[in-house]
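These notes are about the structure you will find just below.
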Amino acid sequence: MSVAPPPVIDFSRVIAYAIVDSSVEWTGKQCLYVGDELLGAVPRLAICQNVGGPLTDILLLHCDENWESLGCSGGATIDEVKSRAERAYRGISAKWIETGVTPDDAEQWMREHYKDMVCSFCGQLPTDSMERWIEGKNASICGACIRRLYALLEKVPDQAT
């Protein structure tokens with residue numbers, strides 16, 4: 001029996017997943033490079049969508065046995081992504097398992113599992129915007145809070161002079 005993925009992989013909500021087993025044939029009809037190397041067959045696939053931010057594309061994460069993402073492809077719709085997956089993995093269409101993970105479920109899971117990645121000032125997750133994100137040893141700060149801090153510092157006269 002295979003293990004289901006976590007509700008979120010690489011800040012993306014898992015909509016459906018599939019285990020590539022011996023009933024699925026790798027056709028090689030996929031051109032996905034990771035760095036300078038062509039990514040071949042993988043044991044796990046996950047259809048995902050970004051948890052936050054402006055990007056709404058559907059992602060196909062190509063994962064190892066532990067649901068670590070090795071590469072990413074995607075498309076505009078779930079059906080398009082499933083069709084692309086079927087071209088590379090003949091028989092995968094019968095393997096998809098819907099997760100039922102809602103966007104709220106995914107955000108809550110991230111807040112519980114990525115506590116160190118929540119802005120220490122406003123509580124925003126890195127997925128809430130495409131802004132800069134700075135992580136320190138015991139705190140993180142988002143771009144919006146950096147701008148607010150800068151604006152406050154500009155208003156306060158320098159006491160050192």
- Item | Pairwise side-chain contact, Cys122 with Cys142, heavy-atom cut-off 4.5 Å (strictly under) | yes

- Do the side chain of Gln49 and the main chain of Ile58 share a donor and acceptor less than 3.5 angstrom apart? no

- Leu61 reachable from Trp96 in the ILVMFWY side-chain graph, under 4.5 Å edges: no

- Any donor and acceptor pair, going by atom type alone, linking the side chain of Thr99 with main-chain N or O of Val14 inside 3.5 Å? yes

- Task: State the CD-CG distance between Gln30 and Leu38, to the nearest 0.5 angstrom.
- Result: 7.5 Å

- Query: Do you know the tightest heavy-atom contact between Trp109 and Pro6?
  - Reply: CZ2-CB, 3.8 Å

- Query: Got a salt bridge between Asp105 and Arg13, using NZ or NE/NH1/NH2 to carboxylate O under 4.0 Å?
  - Reply: no

- Query: Between Arg44 and Asp64, is a side-chain contact (heavy atoms from CB on, under 4.5 Å) present by the stated rule, with each step listed?
  - Reply: CA-CA 6 Å; Arg44 309 274 190 268; Asp64 66 13; over 6 Å; no

- Give a yes or no on whether Glu37 atom CD has more than 12 heavy-atom contacts from other residues, nucleotides or ligands under 6.0 Å away. no

- Task: Measure from the side-chain N and O atoms of Glu65 to the backbone N and O of Pro43, and report whether any donor-acceptor pair falls under 3.5 Å.
- Result: no

- Message: Just to verify, which of Ser69, Cys48, Pro7 counts as forming a side-chain contact (heavy atoms from CB on, under 4.5 Å) with Ser12?
- Response: Cys48

- Query: Between Arg84 and Glu80, is there a side-chain N and carboxylate O pair less than 4.0 Å apart?
  - Reply: yes

- Query: Please walk me through it: do Glu154 and Arg147 pass salt bridge (Lys or Arg N to Asp or Glu O under 4.0 Å)?
  - Reply: CA-CA 11 Å; Glu154 287 296 303; Arg147 281 193 305 282; over 6 Å; no

- Are the charged groups of Glu107 and Arg111 less than 4.0 angstrom apart, N to O? yes

- Between Ile15 and Ile78, is a side-chain contact (heavy atoms from CB on, under 4.5 Å) present by the stated rule, with each step listed? CA-CA 9 Å; Ile15 297 168; Ile78 292 172; 3.9 Å; yes

- Do Tyr89 side-chain atoms and Val42 backbone N/O form a donor-acceptor pair below 3.5 Å? yes

- Show the numbers, then the answer: is there a side-chain contact (heavy atoms from CB on, under 4.5 Å) between Leu39 and Tyr33? CA-CA 6 Å; Leu39 183 66; Tyr33 281 86; over 6 Å; no

- Give a yes or no on whether the backbone of Ala88 and the side-chain of Thr27 come within a donor-acceptor separation of less than 3.5 Å. yes

- Message: Could you go through Leu59 and Asn50, starting from their C-alpha distance and side-chain angles, then the distance that decides it, and tell me whether this counts as side-chain contact (heavy atoms from CB on, under 4.5 Å)?
- Response: CA-CA 8 Å; Leu59 307 173; Asn50 287 324; 3.8 Å; yes

- Task: Answer yes or no: is there a donor N or O on one side and an acceptor on the other, between the side chain of Ser140 and the main chain of Cys119, under 3.5 Å?
- Result: no

- Item | Stepwise side chain to side chain donor-acceptor pair (under 3.5 Å) check, Lys95 with Ser23 | CA-CA 10 Å; Lys95 301 292 182 179; Ser23 70; 3.1 Å; yes

